[in-house]
Every structure is written in C-alpha cells, then in structure tokens.
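Each remark here refers to the structure printed beneath this line.
Here is the naming used below: chain letters follow the sequence lines, and residue numbers restart at 1 for every chain.
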There are 2 protein chains.
Amino acid sequence: MINRNKLKTGGDRVSELTAGRLAVYLRCLNLLDTDGTKTVSSKVLAEQFHLNAAQIRKDLAYFGEFGVRGVGYYIKELKSHLRQILGLDRKVHVAIFGAGNLGMALADYPGFRQEGFVIVGLFDTAHSKVGHRSRGGVRIFDLADFRKMARKERISIAVLAVPAAAAQGVVNMVVGCGVRAIMNFSPGSLKVPSGVKLKNVDVTVSMASLSFFLTQGNTDG
Amino acid sequence: MINRNKLKTGGDRVSELTAGRLAVYLRCLNLLDTDGTKTVSSKVLAEQFHLNAAQIRKDLAYFGEFGVRGVGYYIKELKSHLRQILGLDRKVHVAIFGAGNLGMALADYPGFRQEGFVIVGLFDTAHSKVGHRSRGGVRIFDLADFRKMARKERISIAVLAVPAAAAQGVVNMVVGCGVRAIMNFSPGSLKVPSGVKLKNVDVTVSMASLSFFLTQGNTDG
DNA sequence: TTTTGTGAACTAGTTCACAGCT
DNA sequence: AGCTGTGAACTAGTTCACAAAA
C-alpha cells in the first residue's frame, strides 16, 4: 500500500468538466451501493452509466490511488473519498435569492437536501413575501438581512433566481459578504472578482441550442 | 458581395459549445438593438460581454459571411440570421412534463416566451392536477393525452421535470410520439435513440461542482 | 488473470496573427 | 484605417494501450 491519501488539493487545477463528472460518479456509486454492490470496476461503471472507463480512472487517480488492481474500487470507500473531494462530507449552507416561482421551486427541490446541502433561506426585496415560507417550509427573509445572516449562518453558496436586471447587484452584495460560489439562473453574463466561482445555468440558452439542433438536423422544412 | 447565404446546414457538425454561444450572441445583439445601436464589431461585442473576438468571428463565419470588413456586423441583419440559424424565426412548441414546483415554475418562466417558445401545456399523471392551470395560465393535461396532442400541436421540444424514476419512461413515450429534442431537469443519465438530442440540466451536479471548487480553493479548513 | 494508473497518441476547442476586402 | 474571415499555432480534453500491482 503506497500512495494512499495523496489528496492533491491546490494542485494542477481541475477543470469544470472533471468536477461535474466526479459528482456524477458519486451519484452512480450511491445507486450501486443501494443495490448492495460492494465493489465496481471502471469498466462496469462505464458500461452501466455510459461513461468512459479510462476517463473514470484518470479522474479518480488524480486525487489518490483509490482502486485495487485486479478488483476495482470498493464502493463505500470510494463514495467517502468522493464526498470529501467534493466537500460534501460536511453540511453546505445555501441561500437562494429571489422568492419567485423558480426560487421557491429550487428551495423545495428534494435533490439538494439529499447531498448534504442545507437551504438556509430565501431572500427577496418584496415586503409582501418576507416572513412567509415556501410550501416546503423554507423561510423568506428580507434581502437587506442577508448581510448579518451570511457569516452567522456560514452561507457558502448563493443561488440566484432574480430578474436579470437585479442579478449583478445581488452578486456584488453577496461577494461583499464573503460568498465565494454562485449559481446563476438568470440570463445574461455577470462579473465576479477572481477567487469567486460563478456557474451559469441558462435555460434560455439551452433551449435555443436544442432548437438549433432540431433545425440543423432537418434538411426538409 | 460574394458568398451571402452560404448557410451550411448539414455540414461539418457544430458543437454544443458553439450552439450555446450562438444563442448568447443573439441575446447580446438584442440588448444592443434595444439601445439603438446599428452596427457592432466582433471586438466591441467581445469586450462588452467578456467573450473572445476571434471566436465570435469564427462561429459566425461558419454559417455565412455576415460581416462587412472595416465596419463590423449590422445588428438587425445579424439578429435575423442568428434567429434563422437557431430556428427561432418560427414559433417553437414546447411541452413540459411534471406539474410539480419546478415544472410549474418553468411553464411560467418569462424567458421562454421572449424568444419564440410557446409552452403548449404541462403534462402530469396526477388526476388531482389535470384540468387546472399554472399561475401563469398554462393548462395541465393528463400525460396519457400527450400522444394525441403531440402531432396536432406540433410539439418539438419536451422539457422533463419529473422524478428521476419516471424520467426514462417519459423519454420513451415522447420519442415514440416523434419528439426529437429533450431538455432534462431530473438527475441521472437517460438513454435516447440516435437522432434525438438530449440536454441535461443537472442542478445537483452543478451544485456539487461549486462545492468542489470551494473545497479546493481553501488550503486551510 | 483482472484491473488499475498513466504516458503517449489523438481529438476537439480556442486563440493568434495576418492577408485581403471595404 | 478598420475589421472580417481564416489558416496556423496552441491549449485543453479524451481515449488508447500497456506496464505494474494484486
């Protein structure tokens, strides 16, 4: 047993693509674990979830020697490594900005709770909404109260579900409060200082890109 | 005036990245057009929206010679070209599957309506929901009625906001009804036959990937 | 034997840099 | 002079293929 717990941390820089795949691997492992499977090889994992075996190995090997030659990976062990790598071994506190339809839907989205995310609250400027709760019970706070709550509640991720025109203002505010990761659902590109990670989820762009492929695929009308 | 209306259509195959950028360019042009700007150079467009000028030119040049040397691009003209390339010069009919929080929020999302998308309806299996409408007025239909509505309503895009366990079933059904583009919001990877375009929007993965970057960025605890 | 971990080969995507048009 | 369109150079990402370990 040589190189266990290599755990490169600040290293060469891992791409967004790799980070996303690590999350996907974790989900696949969760499924296999629920089925009672004990070990899995990169080949089987790849076949079952339509991934590439070499890529799985390379992605994992970057963080340590988690596999056993001739056997594969011990699922429970690898899950725990992945959770640590992804920072999901502790509770991750999340604030959602904008208590409109989308913000409320996200607040109650069961997928978040499953992987260790804690939705601390919804934040909005509309006085009529403040003090109420989402159907799932997430409280709606005044946006102005975020500043004092941010540190106390240890908010590490901000989710933006506000109108495009308000988005940059909210970004500036949350960055000022020490938030270093933002997931943006509003259209249009935002500026963040370096050291802050911004992830855009732009449904309009995704939709237009689907329409593009439909259009390109058809040679007829 | 040489090569106008090159309009490569089945050509070399354009990547997903390019398709997304085309949609972004269109949005930027819309903004400039609203401001009353008449022409724009790739350089100015790039600076204003933090893009790369050479990439803009290359992306556009692939579809035709839309620019004028020494001048740039005529905004209205380029907008119209991009709309045609993206298939947004006609109404695109969309069906949303799953009338839960997320499906309802998507149905009422103003961004869709803006770019020529028409939300034909929400489809769900829950009898208690069928016959009702979203707050924005989108009707909820029985999932079983999709088969007969699909062709008549010319549905070309299916949006999936159903639980993971139900997703593959819905995919199979809509593909059987002739739908060739699917936007999937549920977690887990789905299988589609070749010729069908699937776009995954996996918020859990995006969130985990943010958490990853937070974890990697901090050398301390 | 099986399967990992990994250099090398390959493929895709981006940016540079400049000839050529307006 | 200014800006496009594009080959060439470069960078990033993926897959292959195999030596080494269990």
Side-chain angles (χ1 to χ4, degrees), chain A residues 1-8 11-22 24-25 29 32 37-75 77-78 81-82 85 209 212, chain B residues 1-8 11-22 24-25 29 32 37-75 77-78 81-82 85 209 212:
Chain A
M1 196 184 286
I2 330 121
N3 219 351
R4 295 268 153 185
N5 287 36
K6 227 196 280 179
L7 253 279
K8 299 186 194 177
D12 283 4
R13 236 345 142 260
V14 171
S15 85
E16 192 118 1
L17 282 320
T18 310
R21 283 195 303 263
L22 293 173
V24 170
Y25 302 156
L29 292 168
L32 291 172
T37 318
K38 294 300 171 204
T39 67
V40 70
S41 70
S42 59
K43 186 160 173 284
V44 168
L45 199 57
E47 280 163 3
Q48 216 162 344
F49 300 98
H50 359 108
L51 309 163
N52 177 287
Q55 184 153 69
I56 295 172
R57 292 202 299 277
K58 203 153 238 191
D59 286 342
L60 296 176
Y62 180 82
F63 295 95
E65 302 209 344
F66 302 139
V68 180
R69 286 158 205 244
V71 178
Y73 300 88
Y74 288 97
I75 290 177
E77 192 192 310
L78 184 54
H81 279 297
L82 280 175
I85 292 164
S209 134
F212 170 82
Chain B
M1 195 183 287
I2 330 120
N3 220 350
R4 295 267 153 189
N5 287 39
K6 227 196 278 181
L7 255 278
K8 299 186 194 178
D12 283 5
R13 229 358 137 253
V14 170
S15 86
E16 192 119 359
L17 284 318
T18 310
R21 284 195 303 264
L22 293 173
V24 170
Y25 302 156
L29 292 169
L32 292 172
T37 318
K38 295 300 172 203
T39 66
V40 70
S41 71
S42 60
K43 186 160 173 285
V44 169
L45 199 58
E47 279 163 3
Q48 216 161 344
F49 300 98
H50 358 107
L51 309 164
N52 176 287
Q55 184 153 69
I56 296 173
R57 293 203 297 278
K58 205 154 236 191
D59 285 342
L60 296 177
Y62 180 84
F63 295 94
E65 303 210 345
F66 302 139
V68 180
R69 285 156 206 246
V71 178
Y73 300 87
Y74 288 97
I75 290 177
E77 192 191 311
L78 185 54
H81 279 298
L82 280 175
I85 292 163
S209 134
F212 170 82

Look at the side-chain N and O atoms of S42(A) and state whether any lies under 4.0 Å from the OP1 or OP2 oxygen of dT4(C).
yes
Atom-to-atom span, NZ of K43(A) to C1' of dT1(C) - whole angstrom
13 Å
Look at the side chain of S209(B) and the backbone N and O of A19(A), then say whether any donor-acceptor pair between them is shorter than 3.5 Å.
no
Nucleotide dA19(C), atom P - distance to CZ of R57(B) in whole Å:
15 Å
Distance check needed: dG5(D) P versus F63(B) CZ, whole Å only.
13 Å
Do the non-hydrogen side-chain atoms of Y73(A) and R57(A) ever get within less than 4.5 Å of each other?
yes
Between OH of Y74(A) and P of dA22(D) the distance, given in whole Å, is 12 Å
Side chain to side chain, F63(B) and V14(B), heavy atoms closer than 4.5 Å:
yes
Whole-Å distance, L45(A) CG to dG5(C) P, equals 13 Å
Can you check whether I56(A) reaches F49(A) side chain to side chain, under 4.5 Å on heavy atoms?
no
Does the dT4(D) base have a donor-acceptor partner in the side chain of R69(B) within less than 3.5 Å?
yes
Taking the side chain as C-beta and beyond, is there a heavy-atom pair between L32(B) and Q48(B) under 4.5 Å?
yes
Once you round it to whole Å, what is the distance between C1' of dC16(D) and CD1 of I56(A)?
15 Å
Contacts under 3.5 Å, N or O only, protein and nucleotides 11-15 of chain C:
unit_1, atom_1, unit_2, atom_2, d
dT14(C), OP1, R21(B), NH1, 3.0
dT14(C), OP2, R21(B), NH1, 3.0
dT14(C), OP2, R21(B), NH2, 3.2
dT14(C), OP2, Q55(B), NE2, 3.0
dT14(C), O5', Q55(B), NE2, 3.2
dT15(C), O4, K58(B), NZ, 3.0

Spacing of I75(B) atom CD1 relative to dC3(D) atom P, expressed in whole Å:
14 Å
Under 4.0 angstrom between Y73(A) side-chain N/O and dT2(C) OP1 or OP2
no
First encountered from the 5' end of DNA chain C, between G70(A) and L60(A):
G70(A)
Length of the line joining E65(B):CD and dC21(C):P, which is rounded to integer Å:
10 Å
Write down the atom of F212(A), the atom of I85(B), and the distance for their closest heavy-atom approach.
CD1-O, 3.4 Å
Steps toward side chain to side chain contact (heavy atoms under 4.5 Å, CB included) verdict (F66(B), L82(B)):
CA-CA 10 Å; F66(B) 302 139; L82(B) 280 175; 5.9 Å; no
